[in-house]
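Throughout, residue positions are numbered sequentially from 1 according to the sequence presented. Numbering of ligands and ligand atoms starts at 1, following listing order.
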Amino acid sequence: MDGINLDQIIHEVVTKYLKKPMIVAGNWKMNMTVREGWEFLEKLGSVDTNVLIFPPYTTLALLAPEMRKRGILYGPQNFHYEDSGAYTGEISIPMIRELGCSCLLAGHSERRSYYNETDEALSRKVAKGIRSGFRVMLCIGESLEERRNGQWQKKLTEQIALDLRELERKELDSVLIAYEPIWAIGTGVSASLEEIQETHGFLKMAMREMFGCELPLLYGGSVNEKNAQEIGGCPYVDGFLIGGASLKPEKFRKIIEISKSV
Ligand code: 13P
């Protein structure tokens, strides 16, 4: 079978047809006051699948019981690796634990680029979050320049290797990866289906090589109610991390419903 990788084909068929339920995650970024968040939840109603929201801290603290009531999982958009101390403007794991969070977001490209979040700091954060009993969703992504220069594979595998370097094999079970090409975030133009499939396929293979296992892999970058069906249908997409469309309850609800059928 020259030129055909049978293992790869079997793997693709199995991942396509035996897909686990998708994860639909909303990153509210610096949006949603408590009042707006409350109205959002009223309109969204309850959920019966894997739905996760990362609100800003104040909204997270006050709306945690409401989210719990509706079956929504939730967590912070960032956290520190120390439990307490002189770190003005930061938030710690014990503070997050009080709110009943289940998953922590780490390494979003906006934090990496605007707040200089380094892979060194991220490796400590990820280890701290997981050893404190949380799941961690690690965001990775390449710039447009890196995509065009053919540097994206190197960039993405480096981020995974560096940010997860402190973890033992068993601890990897608590990690989810969100692939968010920086050039597709907030632009209204997602990566093409070919790019998503190629990148996710590459990342799953890289994880198997690096760790001997595959971690759940979400796609983020201009996901909306119109493209969710197609993107979710790609074989290596285990869920979505959504910015803009997660702020509108009707759109977010549509994506949740779509996620159940792909
Ligand atoms: P958009 O869905 O607005 O492109 O944002 C994606 C994102 O950054 C989610 O973390």
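- For CD of Glu250, the number of neighbouring non-hydrogen atoms (other residues, nucleotides, ligands) closer than 6.0 Å is greater than 12.
- The shortest distance between side-chain heavy atoms of Asn78 and Leu105 does not fall below 4.5 Å.
- Heavy atoms of Ala184 come nearer than 4.0 angstrom to ligand 1 in at least one pair.
- Of all the atoms in ligand 1, the ones that sit under 4.0 Å from a non-hydrogen atom of Leu241 are 9 (C), 10 (O).
- Of all the heavy atoms of Asn27, the ones lying under 4.0 Å from any atom of ligand 1 belong exclusively to the side chain.
- Hydrophobic cluster membership differs between Leu73 and Phe40, with clusters built from Ile, Leu, Val, Met, Phe, Trp and Tyr side chains linked at under 4.5 angstrom.
- At under 3.5 Å, a nitrogen or oxygen of Lys29, whether backbone or side chain, sits near a nitrogen or oxygen of ligand 1.
- Atom 9 (C) of ligand 1 has Glu180 OE2, 2.8 Å as its closest protein atom, hydrogens excluded (heavy atom only).
- Shown here is Lys248, whose NZ atom has no more than 12 heavy atoms of other residues, nucleotides or ligands within 6.0 Å.
- Heavy atoms of Gly220 come nearer than 4.0 angstrom to ligand 1 in no pair at all.
- In this structure, Arg112 contributes its side chain and Gly107 its backbone to a donor-acceptor pair below 3.5 Å.
- Put simply, the residue from Arg147, Lys155, Lys154 that forms a salt bridge (charged side-chain N to carboxylate O under 4.0 Å, His left out) with Glu142 is Arg147.
- Less than 4.0 angstrom separates some heavy atom of Gly186 from each of these atoms of ligand 1: 1 (P), 3 (O), 4 (O).
- Annotation: side-chain hydrogen bond (donor to acceptor under 3.5 Å, both in side chains) contacts involving residues 46-65, sequence neighbours excluded, comprise Asp48-Lys260.
- Close to ligand 1: Ser222, with a non-hydrogen atom less than 4.0 angstrom away.
- A search for side-chain hydrogen bond (donor to acceptor under 3.5 Å, both in side chains) contacts involving Asn149 returns nothing, not counting sequence neighbours.
- Residue Ile185 has no N or O atom closer than 3.5 Å to an N or O atom of ligand 1.
- Shortest contact from atom 3 (O) of ligand 1 to any protein heavy atom: Gly244 N, 2.8 Å.
- In this structure, the protein non-hydrogen atom closest to atom 2 (O) of ligand 1 is Gly243 N, 2.9 Å.
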